[in-house]
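First up is the structure itself, then whatever we jot down about it.
The figures that follow rest on heavy atoms only: side chains count, while hydrogens, waters and symmetry mates do not. Only a predicted model underlies this, so the values are computations on that prediction, with no experimental measurement involved. Indexing begins at 1, ligand by ligand and atom by atom, following the structure's order.
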Amino acid sequence: MVDWDRERSRLVTHLRERVSDEAVLDAMNRVPRHRFVPERTRRNAYADRPLPIGEGQTISAPHMVAIMADLLALSPGDTVLEVGTGCGYHAAVTAELVGTENVYSVEYHESLASRARETLAETGYGDVSVRAGDGKRGWPEHAPYDRVYLTCAAPDFPPSLVEQTRTDGYLLAPLGDGTQTLVRACKRADGTLAREDHGSVRFVPLQ
Ligand code: SAH
């Protein structure tokens, strides 16, 4: 029997080298990543690397999830839109930080969206809202969001997502094709974005 809790706390010790926010580390320590990844990759659930989740998609490495949570500066009560639910793991980490009922996530592949919904319900994050569809359009019914992030790479922040972010809210995404840069943008009152680069990254492309 694998001691998943022990594997997870080892991973969190390793993540401390890259992220210092205790709330983020606590969240990483609470979400059972092994229950989100497919059976055949489960033994690697707490290795700090991406894993395949079906439909040619991958779950990001844990350090990337932690870095993104840190850059988003999430607080309890923030309303968050995620584009790219995948297996639902990242959404669960976000839910730990803002509250489960404040997370909205859109996934392009119906099969991944329904599996993520099931896993989230089984692991106690059933109040995360997951919708199948094109995340470029966002989820206008619940806007404005305090935070919007993409877990797939786009050429630039899609205009609908900028529109659905509140003033002084953050957007975070891997931008560019081929080489991608993790970009955090703060939305100004006039609707323009103040951008900051946070290094080279590698994500699956936005469909
Ligand atoms: N956050 C995920 C990582 C998923 S990888 C997790 O924790 O597992 C990126 C995901 O973005 C894939 O599942 C992919 O299908 C999805 N995706 C790609 N283009 C999309 C689009 N236009 N709208 C919504 N989701 C999209």
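- Looking only at heavy atoms of the protein, atom 17 (N) of ligand 1 is closest to Cys152 SG, 3.8 Å.
- Side-chain contact annotation: Glu82 with Ser105, donor-acceptor N/O pair under 3.5 Å present.
- For atom 21 (C) of ligand 1, the nearest non-hydrogen atom from the set Gly88, Ala154, Gly135 belongs to Gly135.
- Crowding of Arg43 atom CZ: a count of heavy atoms from other residues, nucleotides or ligands under 6.0 Å not exceeding 12.
- With no hydrogens or angles considered, a side-chain donor-acceptor pair links Tyr46 and Arg8 at under 3.5 Å.
- From the protein, the heavy atom lying nearest to atom 1 (N) of ligand 1 is Gly84 O, 3.1 Å.
- Counting only N and O atoms by type, the side chains of Tyr89 and Ser60 include no donor and acceptor under 3.5 Å apart.
- Within the set Val83, Leu112, Thr151, the minimum heavy-atom distance to atom 3 (C) of ligand 1 is found for Thr151.
- Clustering of Ile, Leu, Val, Met, Phe, Trp and Tyr side chains at separations under 4.5 Å leaves Met1 isolated, with no partner residue.
- Note on ring orientation: taking the six-membered ring where Trp is involved, the planes of Phe36 and Tyr125 are tilted (angle from 30° to 60°).
- Between Ala116 and ligand 1 there is no heavy-atom distance shorter than 4.0 Å.
- Closest to atom 7 (O) of ligand 1, if we only count protein heavy atoms, is His90 N, 3.0 Å.
- When non-hydrogen atoms are compared, ligand 1 lies under 4.0 Å from the backbone of Thr85 (N, CA, C, O) but not from its side chain.
- Among His109, Glu107, Glu82, the residue whose heavy atom sits closest to atom 16 (C) of ligand 1 is Glu107.
- Between Arg115 and Glu118 there is no salt bridge, since no side-chain N of the basic residue sits under 4.0 Å from a carboxylate O of the acidic one.
- In the vicinity of Asp134, heavy-atom distances shorter than 4.0 Å reach the ligand 1 atoms 21 (C), 22 (N), 23 (N).
- Here the heavy atom of the protein found nearest to atom 5 (S) of ligand 1 is Thr58 O, 2.9 Å.
- Numbered from 1 in the order shown, with element, the atoms of ligand 1 that lie under 4.0 Å from a heavy atom of Val204 read 5 (S), 9 (C).
- Within a 6.0 Å sphere centred on CD of Glu141, heavy atoms belonging to other residues, nucleotides or ligands number more than 12.
- Nearest-residue assignment for atom 20 (C) of ligand 1 (options Phe203, Tyr108, Tyr89; heavy-atom criterion): Tyr108.
- Environment of CG in Asp177: sparse, with no more than 12 heavy atoms of neighbouring residues, nucleotides or ligands closer than 6.0 Å.
- Listed by first and then second residue, the side-chain hydrogen bond (donor to acceptor under 3.5 Å, both in side chains) pairs involving residues 179-195 are Asp156-Arg195, Arg184-Glu196, Arg188-Thr192, Asp190-Thr192 (not counting sequence neighbours).
- Distances shorter than 4.0 angstrom do not occur between any heavy atom of Leu150 and any atom of ligand 1.
- The protein heavy-atom contact nearest to atom 14 (C) of ligand 1 is Gln57 OE1, 3.3 Å.
- With hydrogens and angles ignored, the 3.5 Å screen pairs a side-chain donor or acceptor of Asp48 with a backbone N or O of His63.
- In summary, the atoms of ligand 1 found under 4.0 Å from a heavy atom of Gly133, numbered by their order in the structure, are 23 (N), 24 (C).
- Residue-to-ligand polar distances place Gln207 within reach of ligand 1: an N/O pair is separated by less than 3.5 Å.
- Looking from atom 8 (O) of ligand 1 to the surrounding protein, the closest heavy atom is Cys87 N, 3.0 Å.
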